[in-house]
Protein chains: 2
Amino acid sequence: MSIVMPDSIRLGRECSQPKHDPAFGACAGCAVRELSVCGVLVPAEINEFEKLSRSTDFEARSTLFTEDEPATQIFNITQGVVRLYKLLRDGRRQIVGFALPGDFLGLALQDDYSVSADAVTQVTACRFQRNAFTQFLDVHPLMMRRLHEMASHELSLAQDQMVLLGRHNADERLALFLLALSERYIRIGESGVNVQLPMSRQDIADYLGLTIETVSRTFSRLAKAKLIVVVPDGVRLLETEGLRQLANG
Amino acid sequence: MSIVMPDSIRLGRECSQPKHDPAFGACAGCAVRELSVCGVLVPAEINEFEKLSRSTDFEARSTLFTEDEPATQIFNITQGVVRLYKLLRDGRRQIVGFALPGDFLGLALQDDYSVSADAVTQVTACRFQRNAFTQFLDVHPLMMRRLHEMASHELSLAQDQMVLLGRHNADERLALFLLALSERYIRIGESGVNVQLPMSRQDIADYLGLTIETVSRTFSRLAKAKLIVVVPDGVRLLETEGLRQLANG
DNA sequence: CGCGCCATTGACTCTGGTCAACGCTAGTGG
DNA sequence: CCACTAGCGTTGACCAGAGTCAATGGCGCG
């Protein structure tokens, strides 16, 4: 049984969605609730949980938090795209992930953030104080378990990314990236064929361990091979099967 | 306050440690207890917990589990070194981590293993059935929390490894690897200066996203620069500060 | 209309990969 | 006891994929 996704999940580019009606519980209308930690809660618990959170907007390019600063807050993205990254002293950057609606930032519950996060598009998130959040977890073990599941899933994705970075060439990296993004979009009710790319080529390069020029050339190569079409703000996947074949060598 | 480590933590190479005395609770004499999940348990709980586990030995090169097979068992390494990896269809391999004494395998509690694991050296591990383990967690929320902490730590390490694979050159990768290993050895009471390398050059290459030849050349280069000395079965770190400087560009 | 930013493309470089030879050591068998 | 062999590691010569540097194009915004 699949959940019909209202079109209120937005990647943030067009910025046209209405604000939450405060008279109507924000969580009740939340399109990503079932996909996120909140999914394990029954309605009564949701109400209690909702009191801990505050919906917060971030402009594109603004910072949610920075690596090594105290992790006082926890975020559940409801709209928009966030990039998570680490910087080296000399300016090199590695993006370790892109967070989409339904994704949770700070689920490690550590004292300090292990990465920096900033908004690629306009972003809306449910914001929690870590203290309040962990106290809630203490009395809702099911949610603790769900959080652990989500962290484990993150770990598994991180392992996949290590394989990508360590053992795949440029073509394979980009193909894997596009396929993975496509599937995530499908999960949140967006098109998996017309794949939106709100992040810049530089962001993609820093995610795939490449340079911007190589990313650009690789887009062109995949387009020439008729696997994709590069369109404004994204790509259209023409042959997912061909991409999959390319991706796996 | 640091814990004095008995020398019963072994990396497995010399294979000289005595078997656990079954009359004496295995956990009571466990050198890595404080470092692992078990550390949060009080003595009474330890006894209960111990009943769920069985100490199991693995020969060097034997398999603990394989990617995608059902994750029926969970392992807590007490001796030896395990490599965790993913294989591509064409034989390429990416090692996503080396597990040392105190490390936990299967802490994601997922239905299927996300990676394969085999013993680099002779290995001893506490083995749990996943069902029994998760039932124990249901009534010991503190342990659930600890498990989540460990998973979060793993995630953080995975992010570091993504930076290594995506944005560091060969010299930096090897330096980072040696420094990280050194610190892990110190944590478990082994020498952080004479760093044991029980894994092969190929293993190191597959961990660092390099080839065996590049790893070998890089060892030689670091040795020529007087940062390390290559010795049988390991290296001696001569200048950790120099290594650190090299590692960070 | 013009400026600036981002993306693309080309020419060239260079780091790390590939292929091949060689050495060392441990294990085996004459 | 020593010769032979197999496997791992090291080194050299050469190659190629991705990086660097530079020029150009396209689009949005003031």
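Predicted model only: the values in this text are computed from it and were never measured. Numbers restart at 1 for each chain; the letters A, B, ... are given by sequence-line order, proteins then strands. These values consider heavy atoms only, across backbone and side chains, with no hydrogens, waters or symmetry-generated copies.
- With hydrogens and angles ignored, the 3.5 Å screen pairs no side-chain donor or acceptor of A/T124 with any backbone N or O of A/T78.
- Contact check, B/T214 against C/dG17: a side-chain N or O comes under 4.0 Å of OP1 or OP2.
- Applying the 3.5 Å distance criterion, the base of D/dT10 shares no donor-acceptor pair with the side chain of B/R221.
- Tested against B/L174 for a side chain to side chain contact (heavy atoms under 4.5 Å, CB included), the candidates B/T214, B/L227, B/N169, B/T218 yield a single pass: B/T218.
- If you take CZ of B/R92 and P of C/dG16, they are 19 Å apart, rounded to a whole angstrom.
- Following rounding to the nearest Å, A/D233 (CG) and D/dC27 (P) show an atom-to-atom distance of 12 Å.
- Among the nucleotides C/dA7, C/dG17, D/dA18, the one closest to the side chain of B/T211 is C/dG17.
- A residue-by-residue look at A/R167 and A/V215 shows that A/V215 has its nearest nucleotide of DNA chain C further toward the 5' end.
- Between the CG atom of B/L210 and the P atom of D/dT10 there is a distance of 14 Å, rounded to whole Å.
- Stacking of B/R184 on the aromatic ring of B/F98 is not recorded, the 6.0 Å distance cut-off and the 45° axial limit not both being met.
- Side-chain contact annotation: B/D118 with B/Y85, donor-acceptor N/O pair under 3.5 Å present.
- Between A/E172 atom CD and D/dG17 atom C1' there is a gap of 12 Å when expressed in whole angstrom units.
- In this structure, B/D206 and B/R93 approach most closely via the heavy-atom pair OD2-NE, 2.6 Å.
- Side-chain N/O atoms of B/S216 include none lying less than 4.0 angstrom from OP1 or OP2 on D/dT11.
- For B/Q202 against D/dC8, a side-chain-to-base donor-acceptor contact under 3.5 Å is absent.
- The CG atom of B/L208 sits 13 Å away from the C1' atom of C/dG16 (whole-angstrom rounding).
- Nucleotide D/dG17 holds its C1' atom 14 Å from the CD atom of A/E213, rounded to whole Å.
- Rounded to whole Å, atom P of C/dC5 lies 11 Å from atom CZ of A/R61.
- Judged by closest nucleotide on DNA chain D, B/F219 is the one of A/R217 and B/F219 placed further toward the 5' end.
- B/M199 has its CE atom 12 Å from the P atom of D/dG9, to the nearest Å.
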